[in-house]
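Scroll down for the structure; my scribbles are underneath it.
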Amino acid sequence: MLVNGDMALAHNVVVLDFETTGLSPDNGDRAIEIGAVKIVNGEMVDTFQSLMNPGKKVNTFIEQYTGISNAMLRDAPSCQIVMNQFADFIGDFSLVAHNASFDKKFLDAELDYCQRNYKGQFACSLLLSRRISLDAPNHKLGTLVAYHQLPTEGLFHRALADANMTAHLWLYQLALIQQKAPHVELTFDVINRLSRIPKAKINQYLTTL
DNA sequence: TGCCAGGCCCTCTTTAGGGCCTT
């Protein structure tokens with residue numbers, strides 16, 4: 001059974017990634033693509049991907065950064081249609097993203113537009129990496145995928161490709177924590193405490209779990 | 001005309017500044 005709240009299990013999540021027109025929905029930026037991977041009992045069992053027409057043109061930087069052109073978005077379904085479908089896909093699952101504060105802002109904004117919401121909580125693979133992969137050169141998604149030798153199709157900055165890589169990273173991170181704390185049930189509460197604990201206290205926290 | 005993100009986290013810190021991440 002999937003459980004909401006602090007007892008939500010970290011092996012049952014939806015890992016998501018947005019491509020957007022810019023950095024902030026508060027400045028009028030909108031989502032242009034959503035990609036997500038559903039993980040159940042540690043297995044990647046389903047995916048969701050769709051472009052969406054934001055009702056405005058994307059600039060040249062975004063076209064080049066994502067490879068998503070205005071021509072591709074012209075015939076895409078509206079954000080409202082896509083996000084309604086995505087809200088159904090999420091269901092009661094808790095959520096994971098790389099730099100989750102960014103994706104949460106856009107998820108909240110886009111679901112507000114279509115008067116939908118979600119019950120799950122967020123965890124962040126970036127914050128977690130800063131605690132458990134101290135030797136990584138940096139904590140960009142692409143760097144971590146290469147550093148940990150995780151599966152990749154060589155495509156970056158497209159929503160489903162990035163969500164897939166984040167899903168592999170998330171499962172790797174859970175396995176790493178489980179190695180250090182074999183008998184601990186990895187709930188969102190445990191993960192999110194670990195993601196925010198002072199670095200000097202990480203080992204102490206892991207040994208006392 | 002001029003504005004233009006924000007949360008996290010480190011340090012030359014807390015009456016602050018700047019780099020890291022995401023598009």
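Any value given below was found using the heavy atoms of this structure, including those in side chains, with hydrogens, waters and symmetry copies removed.
- Scanning for salt bridge (charged side-chain N to carboxylate O under 4.0 Å, His left out) contacts around A/E33 gives A/R158, with sequence neighbours left out.
- Spacing between B/dG17 and B/dC12 at atom P, rounded to whole Å, works out to 16 Å.
- In terms of position on DNA chain B, the residue among A/S24 and A/Y65 whose nearest nucleotide sits closer to the 5' end is A/S24.
- Near DNA chain B, meaning a heavy atom under 4.0 Å away, the residues from residues 160-169 of chain A are A/D162.
- Nucleic acid contact class of A/N138 (heavy atoms, under 4.0 Å, all strands): sugar-phosphate only.
- When the C1' atom is compared between B/dG19 and B/dT13, the two are found 15 Å apart, to the nearest whole Å.
- Using a 4.0 Å heavy-atom distance criterion, A/R158 is classed as making no nucleic acid contact.
- Nucleotides of DNA chain B with any atom under 4.0 Å from a heavy atom of chain A span, from 5' to 3', B/dC4 to B/dT23.
- Environment of CD in A/Q85: crowded, with over 12 heavy atoms of neighbouring residues, nucleotides or ligands closer than 6.0 Å.
- Clustering ILVMFWY residues whenever any of their side-chain heavy atoms sit less than 4.5 angstrom apart, transitively, puts A/L126 in a cluster other than the one holding A/L194.
- For residues 199-207 of chain A, proximity to DNA chain B is found at A/K199, defined as any non-hydrogen atom under 4.0 angstrom from a strand atom.
- Contact annotation for A/D29: no contact, since no heavy-atom pair falls under 4.0 Å across all strands.
- Annotation for A/I68: hydrophobic cluster partners, listed by chain and number, are A/I32, A/L51, A/V58, A/F61, A/I62, A/Y65, A/M72, A/L73 (ILVMFWY side-chain heavy atoms under 4.5 Å, direct or chained).
- The environment of A/K140 atom NZ is sparse: at most 12 non-hydrogen atoms of other residues, nucleotides or ligands sit within 6.0 angstrom.
- At the heavy-atom level, A/T21 lies nowhere under 4.0 Å from the strands shown.
- No single ILVMFWY cluster, assembled from side-chain heavy atoms under 4.5 Å apart, contains both A/L141 and A/Y147.
- When the C1' atom is compared between B/dG6 and B/dT23, the two are found 13 Å apart, to the nearest whole Å.
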Quick one: do A/V96 and A/F188 satisfy side-chain contact (heavy atoms from CB on, under 4.5 Å)? Show the steps, please. CA-CA 10 Å; A/V96 170; A/F188 263 64; 4.1 Å; yes

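- By the 4.5 Å side-chain criterion applied to Ile, Leu, Val, Met, Phe, Trp and Tyr, A/L134 is assigned to no cluster and stands alone.
- A/D88 and A/R116 are joined by a salt bridge, as a carboxylate oxygen and a charged side-chain nitrogen come within less than 4.0 angstrom of each other.
- Under a hydrophobic-cluster definition in which Ile, Leu, Val, Met, Phe, Trp and Tyr are linked whenever side-chain heavy atoms come within less than 4.5 Å, directly or via other members, A/L171 and A/L127 are assigned to different clusters.
- For A/N164 and A/E153, the side-chain atoms include no donor-acceptor pair closer than 3.5 Å.
- Counting non-hydrogen atoms under 4.0 angstrom, A/S195 reaches the backbone sugars and phosphates but no base.
- A/F106 comes within 4.0 angstrom of nothing in the nucleic acid, heavy atoms only.
- As judged by a 4.0 angstrom heavy-atom cut-off over every strand, A/I32 is placed among residues making no nucleic acid contact.
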